[in-house]
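A short write-up of the structure that comes next.
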Amino acid sequence: MIYIVEDDLNIRQMESYALRNSGYEVAAFGDAASFFAAVEERVPDLAILDIMLPGEDGLSILRTLRENARTRRLPVIMATAKATELDTVVGLDEGADDYITKPFGIMELISRVKALLRRTGGETEASLLEHGGVAIDDKARSVTVNGEPCELTYKEYELLKFLMINRGIVLSRSQIMDKVWGTDFEGESRTVDMHIKTLRQKLGEGGRIIKTVRNVGYKIE
């Protein structure tokens, strides 16, 4: 579970949408009071705190978390429009685990969340992903389409998984190449197109969930 504290509704919804589409359970709050009420019920695996909040600000929330035995080790990412070195130092000195400056990209946010959860042993990414009749069981490394097994090669599976984790986000060919084939892969981006083609064919009706974004790349809607 990831908690977000952000008073800007648009940013709060954007962060929540991106994290849910990456397989995380999310709860979002507009102020410190509602956040702490939720923490009393359940301590999350990670918190993303905006610094500039009405009433109690993010740094004050962070101090309270670090003073409480239940939340002392809770991984925290500070998100703020402030960009000075001093603000960064203060946040980290108060006990923040990471720091991200607005405006930030969705991919950067997801990457930082994943990295911090890996470091702290709290990785909560879902092992079951499903959309449009296509389902991935990552623990079993199996894929089904409308309940029927679908046999994929290793790269086809990794490609589908990457797209499913980032559902709703447009992924460029270079991003797909880096993730699925590795940064040292010397093939052309045409390789991505060919694998997308065969993946769609193998998924049959389920292949319709993979959309081409002209001149950019691909996404699952």
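Everything quoted here is computed from the prediction, not taken from an experiment. Residue numbers start at 1 and run along the sequence shown.
Taking the side chain as every heavy atom from C-beta outward, Leu163 and Ile196 approach each other to under 4.5 Å. Contact annotation: the side chain of Gln175 approaches that of Leu171 to within less than 4.5 Å [non-hydrogen atoms, C-beta and beyond]. Looking only at side-chain heavy atoms (C-beta outward), Phe36 and Leu65 come within less than 4.5 Å of each other. At a threshold of 4.5 Å between non-hydrogen side-chain atoms, the residues Cys150 and Leu152 count as touching. Counting heavy atoms from C-beta on, the side chains of Ile110 and Leu19 come closer than 4.5 Å. Inter-residue side-chain proximity for Ile51 and Tyr99 is flagged as met; some heavy-atom pair is nearer than 4.5 Å. Side-chain contact between Leu59 and Met78 is present, with at least one heavy-atom pair separated by less than 4.5 Å. Within the 4.5 Å cutoff, no side-chain heavy atoms of Ile220 are placed close to those of Ile169.
Closest approach of Ala28 and Arg12 over heavy atoms only: CB-CG, 3.4 Å. Residue Asn166 comes nearest to Ser22 through the heavy atom pair OD1-OG, 4.2 Å, listed as atom of the first residue, atom of the second, then distance. Taking each heavy atom of Leu203 and Ile210 in turn, the nearest pair found is CD1-CD1, 4.1 Å. The nearest pair of heavy atoms linking Ala79 to Ile48 is CB-CG2, 4.2 Å.
A salt bridge links Asp193 with Arg173: the closest approach of a Lys/Arg side-chain nitrogen to an acidic carboxylate oxygen falls below 4.0 angstrom. Note on Asp50 versus Lys102: salt bridge recorded, some NZ/NE/NH1/NH2 to OD/OE distance being below 4.0 Å. At a threshold of 4.0 Å, the pair Arg63-Glu67 does not count as salt-bridged, since none of the basic side-chain nitrogens sits closer than that to a carboxylate oxygen. Taking a cutoff of 4.0 Å between a charged side-chain nitrogen and a carboxylate oxygen, Asp97 and Arg66 qualify as a salt bridge.
Using modelled atom types and a 3.5 Å distance limit, the side chains of Tyr157 and Asp138 yield a donor-acceptor pair. No side-chain donor from either of Ser60 and Asp57 sits under 3.5 Å from a side-chain acceptor of the other.
Rounded to the nearest 0.5 Å, atoms CZ (Arg112) and CG (Asp98) are 4.5 Å apart. Taken from CG in Leu129 to CE in Met164, the straight-line distance is 5.5 Å, to the nearest 0.5 Å. With rounding to the nearest 0.5 Å, the separation of CZ in Arg141 from CD1 in Ile136 is 9.5 Å. Once rounded to the nearest 0.5 Å, the distance linking CD1 of Ile176 with CD of Glu158 reads 13.0 Å. The distance from atom OG1 of Thr191 to atom NZ of Lys155, rounded to the nearest 0.5 Å, is 10.5 Å. Separating the OH atom in Tyr218 from the CZ atom in Arg200 is a distance of 6.0 Å, to the nearest 0.5 Å.
The side-chain contact (heavy atoms from CB on, under 4.5 Å) test applied to Ala37 returns no partner, not counting sequence neighbours. In this structure, Glu56 has no salt bridge (charged side-chain N to carboxylate O under 4.0 Å, His left out) partners at least two apart in sequence or on a different chain.
Arg73 CZ: 12 or fewer foreign heavy atoms inside a 6.0 Å radius. At most 12 heavy atoms of other shown residues, nucleotides or ligands fall within 6.0 angstrom of atom CD in Glu205. The number of heavy-atom neighbours closer than 6.0 Å to CD of Gln201, taken from other residues, nucleotides and ligands shown, is above 12.
A distance-only check finds no donor-acceptor pair linking the side chain of Asp45 to the backbone of Ile2 [under 3.5 Å]. A donor-acceptor pair under 3.5 Å links the side-chain atoms of Asn21 to the main chain of Arg167, judged by distance alone.
Considering Glu156, Glu151, Lys197 as possible partners of Lys202, the one that fulfils the side-chain contact (heavy atoms from CB on, under 4.5 Å) test is Glu156.
Hydrophobic clustering, with ILVMFWY side chains joined whenever heavy atoms are under 4.5 angstrom apart, keeps Ile100 apart from Tyr17.
Alongside Val213, the hydrophobic cluster contains Val170, Val216 (criterion: ILVMFWY side chains under 4.5 Å).
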